There are 2 protein chains.
Amino acid sequence: MSPRTKIQLEENRLATETRILKSALTIFSSQGFAGASIRKIARDAGISDGLMYNYFKSKEVLALAVLKSSFQTLDETIIYDETKSPEENFKQSVNNFIDLIQKEKTKIRLLAQMGLHEKKFNQLNQATTARYEESVSKFSEIFRAMKIENPVFEARILVASLDGIVFESLLMDQPFSLEKFRENLIKKYCT
Amino acid sequence: MSPRTKIQLEENRLATETRILKSALTIFSSQGFAGASIRKIARDAGISDGLMYNYFKSKEVLALAVLKSSFQTLDETIIYDETKSPEENFKQSVNNFIDLIQKEKTKIRLLAQMGLHEKKFNQLNQATTARYEESVSKFSEIFRAMKIENPVFEARILVASLDGIVFESLLMDQPFSLEKFRENLIKKYCT
DNA sequence: GTCTATACACGGATAGAC
DNA sequence: GTCTATCCGTGTATAGAC
């Protein structure tokens, strides 16, 4: 029944940890830090409350773990590869971003939920600021290479638009079609 | 000491209710629905827990009251007045919106906090969707009058940018200067 | 209208058996 | 590694005195 070798035990432990993280993501994302409970998460992951503490020593540690792994999946979205044309970079970046909204909605919602909490988790706000600056900087390069006027401001507008459609797709019932947004954006800047 | 006439009693009651709503706004806004507690709100408003229930019969009813009053202050932001030039309408609307972000940050944070909560408060998401459509529609009219190409999509981009800077000013440590954003936006569309 | 006291449920965290 | 039992704080809501 139960696994016998050390390796099997470790695999089992890893599998459980993965299940916990997945459940934690779902619950934290939809109910926020305060609204989520160890009980709900444990039940969702199919384990007992007590066992949770064998994996994560507190609710806050668990939240930080989920946060960290969620934030990592956002890496490498906006790119500026000098060996490619600026239009290619633009298309790729916009596509990456919009794909991300669709595929990682739960993680993005989590980051917003946690980020809105005053005081708690303010490392997150710093990280978000850094990511923003990086995105603006990359799009500025792209726009400069495309000879677009006022490239830095154009980049800020574009990044704001992208952040805006994130906001909208989180907060609205039927947000405007992301596909149309993608098409129109590319048409606007790449013709 | 205590007021004797009926009118004074009513004024007193109204004053207390106002204090409760103000405290509730602060606490709900920074800690979300689950994170806020009747105790914290009552303490902040300088009354006892029990008295809260004399004004609002449950935490949820209180939240809905705060939500409603917050949502109302967002009215009349994006305008389209046919007796004025489209440029005037544009400037006025953008100015209204950016002023709103600065002045009503707490209320906006509240709407975001509550809106991110899955299931609960989904009337809010419907209202947000309606407001979005209305904003897009008004900016579309403005852009059409300005002979800008693809006015509806341009309106969606603009509204997304505005929503984006809301998002950014809520989630980032030092968001990009709203004043520069305002200036550049107006320069871009009104010259 | 306001307070204090209290009932009662929920949630975080720990202990100890298996 | 996993579960059950349990402690204890916190929170919503109500009752009753003033």
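Since the model is a prediction, treat every value here as computed from it, not as a measurement. Naming: A, B, ... by sequence-line order, numbering from 1 per chain.
- Here B:Ala36 lies in heavy-atom contact (under 4.0 Å) with sugar-phosphate atoms only.
- C:dT6 atom C1' lies 14 Å from atom OH of B:Tyr53, rounded to whole Å.
- Along DNA chain C, the nucleotide closest to A:Lys57 and the one closest to A:Lys40 are compared, and the more 5′ of them pairs with A:Lys40.
- For the pair B:Arg131/B:Phe71, a side-chain contact is recorded, criterion being any heavy-atom separation below 4.5 Å from C-beta on.
- Taking atom CD1 of B:Ile41 as the reference point, atom C1' of D:dT12 lies 12 Å away to the nearest angstrom.
- Atom-to-atom, CG of A:Asp49 to C1' of C:dG16 comes out at 16 Å; the value is rounded to the nearest Å.
- The residue among B:Leu51 and B:Arg39 whose nearest nucleotide of DNA chain C is located toward the 5' end is B:Leu51.
- For the pair A:Leu162 and A:Leu185, the tightest heavy-atom approach, listed with the atom from each and the gap, is CD2-CD1, 4.1 Å.
- Contact annotation: B:Thr16 side-chain N/O to C:dT2 OP1/OP2 distance is under 4.0 Å.
- Atom pair A:Leu62:CG and C:dG11:P shows a separation of 15 Å (rounding to whole Å applied).
- Looking at the side chain of B:Ile47, the nearest of the listed nucleotides D:dG11, D:dT2, C:dC3 is C:dC3.
- Distance from the side chain of B:Ser48 is smallest for C:dC3 among the nucleotides D:dT2, D:dG1, C:dC3.
- What you find for A:Ile41 and A:Ile20 is that their closest heavy atoms are CG2-O, 4.2 Å.
- Taking the six-membered ring wherever Trp is involved, the centroid distance between the rings of B:Tyr80 and B:Phe139 does not fall below 6.0 Å.
- Residue B:Ile38 places its side chain closer to D:dT12 than to any other of D:dT12, D:dG1, C:dG1.
- The CE atom of A:Met52 sits 13 Å away from the P atom of C:dT14 (whole-angstrom rounding).
- If you measure from atom CZ of A:Arg13 to atom P of D:dG1, you get 4 Å, rounded to the nearest angstrom.
- Atom NZ of B:Lys59 is separated from atom P of D:dT14 by 15 Å (rounded to the nearest Å).
- Applying the 4.0 Å criterion to OP1 and OP2 of C:dT2, one finds that B:Tyr55 has a side-chain N or O inside that range.
- Within the structure, every side-chain polar atom (N or O) of B:Asn54 is placed at least 4.0 Å from both OP1 and OP2 of C:dC3.
- Taking the six-membered ring for Trp and thresholds of 30 and 60 degrees, A:Phe33 and A:Phe121 have ring planes more than 60 degrees apart, a perpendicular arrangement.
- Using a 4.0 Å heavy-atom cutoff across all strands shown, A:Ala42 reaches no nucleic acid atom at all.
- D:dT10 atom C1' lies 14 Å from atom CZ of A:Phe33, rounded to whole Å.
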